[in-house]
Amino acid sequence: MSDLILKINNLKKWYGINKVFEDVCLEVRPKEVVSIVGTSGSGKTTLLRCIILLEEFQGGSIIIDGNEIGYHIVNSERKRYSEKVFSSQRILTGMVFQSFNLFPHLTALQNLTLGLIKVKHIDKSEANKIGIKLLERVGLGEKIHSYPSKLSGGQQQRVAIARAIAMKPKIMLFDEVTSSLDPELVGEVLNVIKQLAKDGTTMIIVTHEMNFAYEVSDKVVFMDAGRIAAIGTPHEIFIEKKLPRLKEFLLNFNK
Amino acid sequence: MNTAALAFFAIIIGTTLGILFGFILCYGNKYLKFPFRLFVDIIRGIPGLVTIFSIYYILGFLLSGLGINLTNLQSGIIALSALSTAQVAEITRGALQSIPKGQIEAGKTIGLSFDKIFVFILFPQVILQIIPPWINTATEMTKGSTLLSLIGVSELLLTAHQLVATFGSALPYYMSVGLIFFLINTLIQLFGKLLEKKSSYYQ
């Protein structure tokens with residue numbers, strides 16, 4: 001039990017009367033890299049958004065590093081935590097979005113230090129040091145004072161990764177982070193993620209880059225129609241592909 | 001002098017209240033929104049002159065019932081402030097709604113509470129975005145201040161009327177009025193350009 005960094009039990013998510021997923025269970029160990037692949041609309045992104053509490057969920061539980069997040073039981077009734085608790089639980093994980101979502105009015109460095117200063121209450125000079133070091137780590141030491149509008153998509157996404165890492169999350173969540181990039185910029189972002197994996201960062205990666213998922217993952221999850229249809233090693237999922245639905249999905253993908 | 005001072009007060013009051021109203025129009029619940037929506041739609045929906053007369057006669061009458069007597073100048077400032085508040089509220093609401101939802105989400109994922117997201121992410125972006133339309137509103141308000149001559153506020157135009165009535169020869173007086181307005185508005189435009197330039201890093 002204690003060797004798990006993330007445990008998801010029977011997670012249920014509905015939008016009104018529309019079921020997104022049901023009975024989703026997932027276990028992630030520290031330093032593990034888990035990729036989630038699947039058809040669009042299968043609930044991959046929504047699952048990530050539940051883990052960082054951008055979405056509410058209607059049943060089941062998510063336990064991160066021993067903390068059950070989002071909901072607790074009061075007098076045998078399931079109650080949502082307050083916004084304040086939500087905010088504090090959100091930084092257990094860090095998220096990188098498909099559309100970068102950098103703050104356009106702040107420089108690359110200020111994007112990183114905002115959370116450090118306003119949430120972690122680290123003083124400004126210390127936060128700047130941390131920020132500069134991280135930007136250098138993602139290869140943007142030259143761009144610390146650039147505004148997002150002056151950066152390429154690949155550079156923006158690397159700033160976004162650094163911004164999430166800066167908060168020292170237990171788990172990094174990547175939501176199709178290369179989908180809105182020009183093809184020639186995909187590599188630089190994937191390389192940063194690979195480096196993070198090598199450094200022992202725990203990650204959950206929703207992706208359509210099958211080769212990348214094969215290369216970087218310890219475990220691959222195949223989601224289909226709101227269920228986890230298969231979990232296995234990259235070899236089991238991409239090479240053996242025992243499940244007919246999975247075979248079909250991968251076939252469509254390689255066209 | 002009155003003209004510039006009038007417009008200046010109206011713009012200051014209108015900007016402050018307008019930004020506040022704009023945030024309420026965007027993030028308030030529907031019961032809270034309703035009176036503000038009504039205010040903005042009414043002010044924007046009727047001619048400025050009607051607003052000025054309504055405030056002068058109707059609000060003036062109601063307040064005099066409470067023993068408060070508004071001077072012409074005071075009801076003039078209230079009217080112009082109401083006009084600019086409605087404009088700025090609408091501009092602010094539009095700017096807020098154009099900020100992608102991802103900005104709020106990114107703020108949440110780094111642990112910011114909503115009030116911090118508001119202060120450090122939404123507010124600065126809104127200010128930068130509303131500068132160009134705000135300049136427009138400021139010049140409109142300056143020009144609109146001439147309408148207050150009709151409720152007897154001795155602003156530039158009324159003063160010119162009086163001078164013309166006393167000394168005759170309309171042309172030089174009215175031309176001077178035009179020139180003064182042109183100068184004031186050119187100054188506002190220059191100020192706006194400066195602000196835009198300062199904030200252009202962001203585009």
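Predicted model, so just to flag it, every value in this text is computed and none were measured. Protein chains get the first letters and strands the later ones, always in sequence-line order, with residue 1 at the start of each.
- Between A:Val119 and B:Ile110, the shortest heavy-atom contact is CG2-O, 3.3 Å.
- By the ring-ring contact (aromatic ring centres under 6.0 Å, His included) test, B:Phe23 is found to be paired with B:Phe118, residues two or more places apart in sequence or in another chain being considered.
- Atom CZ of B:Phe39 has more than 12 neighbouring heavy atoms from other residues, nucleotides or ligands inside a 6.0 Å radius.
- Within residues 164-171 of chain A, the residues approaching chain B closer than 4.5 Å by heavy atoms are, in numerical order, A:Met167.
- Listed in order of number, the residues of residues 87-103 of chain A that approach chain B to under 4.5 Å between heavy atoms are A:Ser87, A:Arg90, A:Ile91, A:Thr93, A:Met95, A:Phe97, A:Asn101, A:Leu102, A:Phe103.
- Annotation for A:Glu136: atom CD counts as buried by contact number, over 12 foreign heavy atoms lying within 6.0 Å.
- A search for ring-ring contact (aromatic ring centres under 6.0 Å, His included) contacts involving A:Phe86 returns nothing, not counting sequence neighbours.
- Counting non-hydrogen atoms of neighbouring residues, nucleotides and ligands closer than 6.0 angstrom, the CZ atom of A:Arg137 reaches no more than 12 such neighbours.
- Not a single donor-acceptor pair under 3.5 Å links the side chain of A:His105 to the backbone N or O of B:Leu122.
- For the pair A:Pro104 and B:Gln125, the minimum side-chain heavy-atom distance is below 4.5 Å.
- In this structure, chain A has a heavy atom under 4.5 Å from the side chain of B:Lys116, while its backbone stays farther away.
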Begin from the C-alpha positions of A:Leu53 and B:Thr109 and carry the test side chain to side chain contact (heavy atoms under 4.5 Å, CB included) through to its verdict. CA-CA 8 Å; A:Leu53 294 174; B:Thr109 61; over 6 Å; no

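- Atom CZ of A:Arg80 is surrounded by more than 12 heavy atoms from other residues, nucleotides or ligands within 6.0 Å.
- Residues A:Glu83 and B:Phe114 fail the side-chain proximity criterion, which asks for heavy atoms closer than 4.5 Å.
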